[in-house]
Number of protein chains: 2
Amino acid sequence: MTEDTKPRAFGFRPLYLQVRESLVRRLIDGSWQPGQLIPSEMELARELGISQGTVRKALDVMRAENLLISRQGRGTRVAEPEESRILFQFFHLVPDNGERSFPNSRVLHRDRARASKAEAEGLNTEAGAEVWRIERVRTLEDAKPLLIETITLPAARFPEFEALAAIPNNVYRLYSQTWGITIGGASEALKAISASAEDARVLGCAPGTPLLEISRTAFDLAQAPVELRVSRCLTEQAHYRADLR
Amino acid sequence: MTEDTKPRAFGFRPLYLQVRESLVRRLIDGSWQPGQLIPSEMELARELGISQGTVRKALDVMRAENLLISRQGRGTRVAEPEESRILFQFFHLVPDNGERSFPNSRVLHRDRARASKAEAEGLNTEAGAEVWRIERVRTLEDAKPLLIETITLPAARFPEFEALAAIPNNVYRLYSQTWGITIGGASEALKAISASAEDARVLGCAPGTPLLEISRTAFDLAQAPVELRVSRCLTEQAHYRADLR
DNA sequence: TGACCTATATCTTATATAAGACATTAAATG
DNA sequence: CATTTAATGTCTTATATAAGATATAGGTCA
């Protein structure tokens, strides 16, 4: 047996991880759309020329990454940026007493501008690149303002952004439906700061009130930064919840 | 075929999760100690009367939970509360520029007291139960104070605590080695507050400086609360890092 | 002889494939 | 509309191979 039947090269990763990568590409290039039912494990196995068990292992990883959702007897489908899941995954502010609920939003500004140095660095673009900036106030159930946040988007990746009539509450679903951009993860940096005069006016608190500043960089499925977001939050009746396991 | 050969009762969970639970119990009751090499997958499969693949699936889950560590050819051992892992898992404050490093500690007080109402609630004990309170200051590489924190422990679970000569930097390893208590997870609530006069004195900042307050409840492997910890952190040169995937 | 090296055997986990059992859904049937 | 049946998917078991880690036997050389 002189020939290599198995593709066992040198530093290669296991087959199931290669399969995962190949399947993630289908999500990135949009050939598999959110909500869509993907082929059964047997079909994928036949198509890729591997066993069903290996396909399963790749799907297991993708399920753990919240990219797929399987239900027994029903099939496996591409995860959608669904309200409650997004809420659970990305919105970590919860009222001190009571359940987590859906925040509402009111847009204050929407401007086209040139990226600051920090923004360009965070978005991995050139300094001075065009960006959109959205500033909005968010509230929980009660109408009392909870936070004020600034979202920065690279204009290059969001063409015809100006045509939007309104900016919905759940922008990640908007990114997905309008531009085919799926947010796959994010990195947040939290600091305590003092409310500026402007913050205080919008949030209805005293200037100098301690605020929780959340600086988020959100990434697409290819791990490229897509959105910057700085939120300044009142934490007198709410807190940022992190579970460490 | 009228008899049920398989134990397939009604709302039962999959076999591999039952196996996981049974193995976690060995960690809880101490029959498997941290650092110890556990039986091979084949041995466990024989002992439990199931296949090696199912044992593997249970171990997969436990590895993902940071309870076990496997290395090919070497075996599987119970995870130890090792410095860098604890740091990565539980200590989320990192310098704004630079690598995460090991914080140092200086103990200010160590007192026996009676639990406040909030403490009793958080620790799931009766109000007025005996607790230990440790207050300490932590610094990063530079000697500049980073945070001041208060740790509250239920005296009932930490007998002869008073005999301790010193309190080490890594208390979770202390809990494990001295009382056999393994911290398996924690829940943190973050708020922005103002530095009190006392905080300011210890941290070397102005009174009223915004601080990041981290209120942590740490749980043992049986999901019972074991430790309360409130940290008040300067975030001028550091931030709390959270990665959402 | 004693120290050291090396090839080999053996144990363990990691990866891959295959097949039967069980669960759920949806279509077909009366 | 209720029941049955078929299709699809997941769960569990079984088996085989690959590769890392370690112990051991045997040989070489100072």
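We name chains A, B, ... by the order of the sequence lines, and we start the count at 1 in each one. Computed over heavy atoms, backbone and side chain alike; hydrogens, waters and symmetry mates excluded.
Rounded to whole Å, the distance from NZ on B:Lys57 to C1' on D:dT10 is 8 Å. As a whole-Å value, the separation of A:Met42 CE from C:dG20 C1' is 13 Å. As a whole-Å value, the separation of B:Leu48 CG from D:dT13 C1' is 15 Å. Atom pair B:Arg20:CZ and D:dC11:P shows a separation of 16 Å (rounding to whole Å applied). Look at CG on A:Leu15: it is 15 Å from P on D:dA18, rounded to the nearest Å. The distance between atom CG of B:Asp60 and atom P of D:dT12, rounded to the nearest whole Å, is 13 Å. Regarding A:Leu37, its CG atom lies at a distance of 13 Å from the C1' atom of D:dA7, rounded to whole Å. Atoms CD (A:Gln52) and P (D:dA14) sit 17 Å apart, rounded to a whole Å.
Contact annotation: A:Thr54 side-chain N/O to C:dT17 OP1/OP2 distance is under 4.0 Å. Within the structure, every side-chain polar atom (N or O) of A:Arg71 is placed at least 4.0 Å from both OP1 and OP2 of C:dT24. The phosphate of C:dA14 has OP1 or OP2 within less than 4.0 Å of a side-chain N or O from B:Arg63. Within the 4.0 Å cut-off from OP1 or OP2 of C:dA18, not a single side-chain nitrogen or oxygen of A:Ser51 is found.
A side-chain donor-acceptor contact under 3.5 Å links B:Ser31 to the backbone of B:Arg26.
Within residues 74-81 of chain B, the residues that place at least one heavy atom under 4.0 Å from DNA chain C are, in residue-number order, B:Gly75, B:Thr76.
For the residue pair A:Arg138/A:Asn169, the side-chain donor-acceptor check at 3.5 Å is satisfied.
Nearest nucleotide to the side chain of B:Glu41, out of C:dA14, D:dT10, D:dT13: C:dA14. Distances were taken from every side-chain heavy atom of B:Glu43 (C-beta onward) to each of C:dT12, C:dA14, D:dT12; the shortest belongs to C:dT12. Side chain of A:Tyr16, nearest nucleotide from C:dA16, D:dT12, C:dT24: C:dA16.
Both A:Ile50 and A:Gly73 lie close to DNA chain C; mapped to their nearest nucleotides by heavy-atom distance, the more 5′-ward contact belongs to A:Ile50.
Open room surrounds CD on A:Glu121; 12 or fewer heavy atoms of other groups in view lie less than 6.0 Å from it.
Considering B:Phe161, B:Phe158, B:Trp132, B:Phe219 in turn, B:Phe158 is the only one that fulfils the ring-ring contact (aromatic ring centres under 6.0 Å, His included) rule with B:Tyr175.
Between B:Asp60 and B:Arg63 a salt bridge is recorded (basic side-chain N to carboxylate O distance below 4.0 Å).
Between its two ends, the helix from C:dT1-D:dA30 to C:dG30-D:dC1 turns its axis by 0°, counting five pairs per end and rounding to 10 degrees.
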